[in-house]
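Structure first, then comments.
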Number of protein chains: 2
Amino acid sequence: MAVPGHRLDRMFNPKTVVVIGDKGPGYMWLNSNMPFKQKGGNLYSVQLDPKEIEGIEKLGVQNFTSLADVPGEVDYAVVAVPRQVSPFVLKDLIAKKANGAGFFTSGFAETGEELGIKLQDQLTQMAREANFNLVGPNCMGLYLPKVGVRFSADAAVANDGKIGFLSQSGTHGIMFSLVSAANGLHVSRCASFGNAVVLDVSDYVEYLAADDETEVIGMYVEGVKDGRRFFRVLREACAKKPVVVWKGGQTEAGARATRSHTGSLAAPQSVWDGMMRQCGAITTNSLDETIDVMKALLLTKAPKGDGMALLAQTGGQSVSITDAFAKAGFSVPRFTDATYAELQGFFNIIGGSYQNPLDMGGTIAGNLEVLDRILRIVDADPNIDGMAMELSAMFAARQWKHKPETLDQMLDAIRVHMDRSAKPFVVILHPAHEEEYIGSIKPKFNERQIPVFASFDRAAAAMARVRAYGQR
Amino acid sequence: MAVPGHRLDRMFNPKTVVVIGDKGPGYMWLNSNMPFKQKGGNLYSVQLDPKEIEGIEKLGVQNFTSLADVPGEVDYAVVAVPRQVSPFVLKDLIAKKANGAGFFTSGFAETGEELGIKLQDQLTQMAREANFNLVGPNCMGLYLPKVGVRFSADAAVANDGKIGFLSQSGTHGIMFSLVSAANGLHVSRCASFGNAVVLDVSDYVEYLAADDETEVIGMYVEGVKDGRRFFRVLREACAKKPVVVWKGGQTEAGARATRSHTGSLAAPQSVWDGMMRQCGAITTNSLDETIDVMKALLLTKAPKGDGMALLAQTGGQSVSITDAFAKAGFSVPRFTDATYAELQGFFNIIGGSYQNPLDMGGTIAGNLEVLDRILRIVDADPNIDGMAMELSAMFAARQWKHKPETLDQMLDAIRVHMDRSAKPFVVILHPAHEEEYIGSIKPKFNERQIPVFASFDRAAAAMARVRAYGQR
């Protein structure tokens with residue numbers, strides 16, 4: 001939904017989008033935004049070059065040689081012109097009373113060059129004076145999967161996005177959206193905001209905190225302009241919904257790299273870390289960690305305590321899954337005697353163990369009734385606050401490949417368990433020698449919204465972050 | 001090659017292998033060992049059950065109802081009989097003067113049951129008295145890919161194995177062999193040794209340290225019987241070749257799990273860690289870390305210093321790769337002025353950076369000559385001890401999928417660079433939204449023996465372990 005009255009609201013819910021300066025042969029921006037047109041949005045082009053106009057009109061997009069000629073109100077514009085031209089385009093956007101624009105154009109302060117710095121100052125001053133919503137420059141701009149505004153032709157069009165994602169890096173913004181979609185999770189609204197000369201991360205966080213389509217906020221930031229304001233806005237956002245913050249430039253060398261990237265000046269990492277703790281943000285260190293914690297936040301419940309039941313398929317894995325969760329701060333408690341008494345019937349003492357961890361051995365292979373009984377029994381144990389279950393492609397893949405319905409049936413059984421249980425449940429699917437096959441069956445997990453992780457360590461780390469968030 | 005005179009030498013270089021007690025319909029052990037027969041080894045079966053004998057003979061394997069009848073000397077036997085029968089089989093093996101046997105049979109001390117403990121004691125005493133090479137019990141036994149002795153029908157047959165791998169867990173032994181093969185690395189000799197009642201990890205390490213086909217030793221251990229001896233043998237092995245030790249049961253909960261798994265009693269983790277440091281072993285915490293460090297050890301050179309050149313495809317990734325390597329203890333130094341002067345010609349200052357990290361932007365896309373020049377220039381820089389390069393499936397996959405030869409050509413160029421350079425070079429191929437595609441092109445990297453990692457963190461961790469090993 002919208003956030004009426006917020007200065008970014010028109011831009012985040014656009015009816016008219018204009019692409020300024022797109023070029024053939026790819027017409028990357030017009031092609032990326034074609035779903036917006038297909039969904040009934042007004043997509044226009046502004047381009048002076050007669051050679052390009054022909055290609056644009058072939059796409060079925062109406063072109064204007066001047067922004068002033070575009071009919072009606074402009075909610076959002078994508079600016080892809082050379083840097084020297086960008087102040088003239090901004091002047092036109094302001095004159096047109098456009099709500100905002102993403103400046104894909106780069107070559108500003110991040111180059112360290114005099115001309116780049118001067119041009120950036122000029123854009124900044126113009127936009128500030130006009131109170132214009134300048135996204136960037138040096139960015140990929142907005143990605144609004146529901147209305148079809150996209151920063152990449154690979155990005156999904158989706159109505160079920162729950163993650164508001166903000167990124168100072170275009171790559172990380174796009175990658176987050178692609179990797180989250182591959183994991184069955186979609187974005188509600190995303191902004192790649194690069195040099196952040198006018199609108200800074202705080203402005204976007206404020207919007208996403210109020211946006212009721214956004215259940216979780218995530219961000220990749222290299223630095224913020226106004227630390228005091230960011231601190232206040234972040235704290236308010238964290239009080240409303242989980243906020244995951246991945247900081248780029250955590251090391252001295254990394255911080256140096258951010259200067260050539262987005263011209264960011266970073267605070268010392270220890271100050272930053274303290275600020276995150278005080279706000280109650282969930283911190284991560286990479287794209288993988290960020291995706292993993294989103295998966296845990298959105299696809300399963302939060303553990304109410306530290307006691308995990310761990311279900312592995314062999315003895316060796318039962319040791320490894322236990323080490324991973326114990327290192328992440330969980331306990332792996334004994335079950336109650338009542339649980340052991342009930343489990344006894346399902347386990348053969350040779351080649352399996354029904355301690356916690358459970359070495360399921362061949363117990364569950366192809367026997368969904370037994371799996372369901374074990375899940376029910378363990379779920380009911382008062383010592384247990386959540387479950388993690390190994391699925392080994394090494395053992396199961398041959399069966400699954402031969403009879404794909406056995407995988408579907410098992411995942412249905414897991415879904416049934418997850419729906420009836422009040423406790424978190426996660427799956428670990430490995431190992432990587434089946435990379436191609438695992439990639440091919442991932443959609444089966446996604447369809448059923450089953451949180452599946454690539455390793456014990458990654459599952460444990462994601463669960464630990466969610467647990468710590470719940471303990472605030 | 002062999003290690004003449006070593007007590008395990010016949011078993012590790014078998015001419016005759018006997019499978020005792022295999023069962024249909026799968027005949028898992030005979031099927032797994034069929035390559036041994038195809039390569040000219042003598043593969044026999046011992047089975048009393050007439051129903052099974054028919055199935056065994058259909059496989060083309062000669063069956064005997066008594067081990068005594070097997071012609072010639074027995075170098076290695078796989079024992080897959082019920083636990084109560086196992087002492088009788090061991091008696092026959094000793095009488096036959098077999099060199100050794102892997103006891104797949106389980107249900108011993110790891111169950112905590114009186115009967116299991118008693119049977120294990122019986123096996124132990126018999127084998128000790130006869131100086132018999134009992135592998136296990138409760139294990140998968142030997143995997144000798146060159147001669148075709150295998151503990152799984154999925155395990156590779158390969159002549160180029162360089163990794164000696166030892167595992168107290170059958171799963172981890174098999175998984176290591178499968179995942180390493182999927183990464184283009186093979187095992188020279190592997191032993192899964194379970195409860196280790198007679199032969200302990202020290203015996204195997206001693207053999208692998210002397211074995212000149214084994215360039216690197218790896219192991220998964222949950223506990224050792226004679227710590228003093230293990231310490232001595234490990235130190236001697238580490239003096240000869242890199243030894244990677246993955247300890248299972250590092251946490252209190254994990255150690256509890258090892259007791260039900262292999263009946264191991266673990267030393268406190270801090271004592272163990274100190275022992276590893278003193279020996280000069282490389283320690284890891286998971287299968288992934290173990291595979292990664294093997295890849296770095298075998299497929300690239302060791303860095304002679306801490307200075308890494310980092311080559312990313314975008315600005316955001318250049319920050320992330322820098323954070324990852326800096327956190328792992330590397331420096332990301334400035335290049336010399338001479339290097340910058342040379343690089344200048346190849347980089348457009350807008351939308352790319354040729355600091356270190358290098359934001360290659362579109363610079364190398366499809367231009368292998370430019371890539372080659374950059375690799376040469378950076379390689380020659382005296383501040384640089386190694387290179388890590390991002391390949392982003394996000395950008396490149398569309399080109400690679402459309403024109404697969406462009407990927408081949410780029411990998412050939414990287415191979416040429418690696419052959420002429422004295423410094424380590426690793427590749428990071430991501431992100432995971434292209435899991436299936438990445439899995440499908442992995443063989444192209446493997447064929448060329450290019451070390452490729454799934455994330456910046458994993459590459460940096462592997463390189464840091466190799467660096468620390470070199471600094472001992």
Side-chain angles (χ1 to χ4, degrees), chain A residues 83 106-107 110-111 113 169-172 174-175 178-179 181-182 220 222 248-254 257-258 260-262 285-288 314-320 322-324 326-327 331-332 349-351 353 355 357 359 394 431-433 435-440 442 454-457, chain B residues 83 106-107 110-111 113 169-172 174-175 178-179 181-182 220 222 248-254 257-258 260-262 285-288 314-320 322-324 326-327 331-332 349-351 353 355 357 359 394 431-433 435-440 442 454-457:
Chain A
R83 58 180 175 172
S106 63
E110 78 278 8
T111 62
E113 277 187 320
S169 149
T171 307
H172 289 323
I174 296 175
M175 277 212 185
L178 297 179
V179 179
Y220 170 80
E222 297 186 348
Q250 296 182 16
T251 62
E252 210 183 297
T258 66
S260 342
H261 179 220
T262 53
N285 306 292
S286 65
L287 180 67
D288 286 343
T314 62
Q317 298 295 9
S318 73
V319 173
S320 298
T322 303
D323 273 342
K327 280 184 183 181
S331 68
V332 188
I349 195 137
I350 300 173
S353 162
Q355 306 287 323
D359 168 1
M394 179 172 125
H433 77 285
E435 197 169 18
E436 199 176 345
Y437 174 68
I438 285 178
S440 77
K442 202 63 80 61
S455 72
F456 298 142
D457 289 335
Chain B
R83 59 179 175 173
S106 63
E110 79 279 6
T111 62
E113 279 186 318
S169 149
T171 307
H172 290 323
I174 296 175
M175 277 212 184
L178 297 178
V179 179
Y220 169 81
E222 298 186 348
Q250 296 182 17
T251 61
E252 209 182 296
T258 67
S260 343
H261 178 220
T262 54
N285 306 294
S286 65
L287 180 67
D288 286 343
T314 61
Q317 298 295 9
S318 74
V319 173
S320 298
T322 303
D323 273 340
K327 280 185 182 180
S331 68
V332 188
I349 195 135
I350 300 174
S353 163
Q355 307 286 323
D359 168 1
M394 179 173 126
H433 77 286
E435 196 168 19
E436 199 176 347
Y437 174 68
I438 285 178
S440 77
K442 202 61 81 62
S455 72
F456 298 142
D457 288 334

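All values below were derived from every heavy atom in this structure, side-chain atoms included, with hydrogens, water molecules and symmetry-related copies excluded. All figures in this text were calculated on a predicted structure; none of them were measured in a lab. In what follows, chains carry the letters A, B, and so on, assigned in the order in which the sequence lines appear, proteins first and then strands, with residues in each chain numbered from 1.
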Inset, instruction - Heavy-atom distances under 4.5 Å only: say whether A/Ser286 touches chain B with side chain, backbone, both or neither. - result: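 The answer is the side chain of A/Ser286.
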
Legend entry - Atom of A/Pro357, atom of B/Ala257 and distance for their closest heavy-atom approach: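 Result for this residue pair: CG-CB, 3.7 Å.
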
Legend entry - Taking every non-hydrogen atom, the tightest pair across A/Pro431 and B/Met175: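 Of all heavy-atom pairs spanning A/Pro431 and B/Met175, the closest is CG-SD, 3.6 Å.
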
Inset, instruction - Look at atom CD of A/Glu436 and say whether more than 12 heavy atoms of other residues, nucleotides or ligands are closer to it than 6.0 Å. - result: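 Check passes, neighbour count above 12.
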
Legend entry - B/His172 vs A/Val319 side-chain heavy atoms within contact, under 4.5 Å: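 Answer no - side chains too far apart.
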
Inset, instruction - Mind ranking B/Ser169, B/Ala182, B/Gly315 by heavy-atom pairs under 4.5 Å with chain A and telling me who comes out on top? - result: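 Among the listed options, the one with the most contacts to chain A is B/Gly315.
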
Who wins among [options] for the most heavy-atom pairs under 4.5 Å with chain B?
options	result
A/Ile174, A/Asp288, A/Asp457	A/Ile174
A/Leu287, A/Val179, A/Ile438	A/Val179
A/Gly316, A/Gly254, A/Ser320	A/Gly316

Inset, instruction - Could I get the full list of side-chain hydrogen bond (donor to acceptor under 3.5 Å, both in side chains) partners for B/Asp323, not counting sequence neighbours? - result: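 By the side-chain hydrogen bond (donor to acceptor under 3.5 Å, both in side chains) rule, B/Asp323 matches A/Thr251.
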
Inset, instruction - For A/Glu435, enumerate each residue passing the side-chain hydrogen bond (donor to acceptor under 3.5 Å, both in side chains) test, keeping only those at least two apart in sequence or located in another chain. - result: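 In terms of side-chain hydrogen bond (donor to acceptor under 3.5 Å, both in side chains), with neighbours along the sequence ignored, A/Glu435 is linked to B/Lys442.
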
Legend entry - Atom group of B/Ser440 that falls short of 4.5 Å from chain A, counting heavy atoms: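 B/Ser440 touches chain A through backbone and side-chain heavy atoms alike.
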
Inset, instruction - Let me know if B/Tyr220 has heavy atoms under 4.5 Å from chain A in its side chain, its backbone, both or neither. - result: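 Just the side chain, heavy atoms under 4.5 Å.
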
Inset, instruction - Would you check if the side chain of A/His433 reaches a backbone N or O of B/Leu178 as a donor-acceptor pair within less than 3.5 Å? - result: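 No, because the side chain of A/His433 does not come within donor-acceptor range (under 3.5 Å) of the backbone of B/Leu178.
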
Legend entry - From CZ (A/Phe456) to CG (B/Asn285), nearest 0.5 Å: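 The distance works out to 14.0 Å.
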
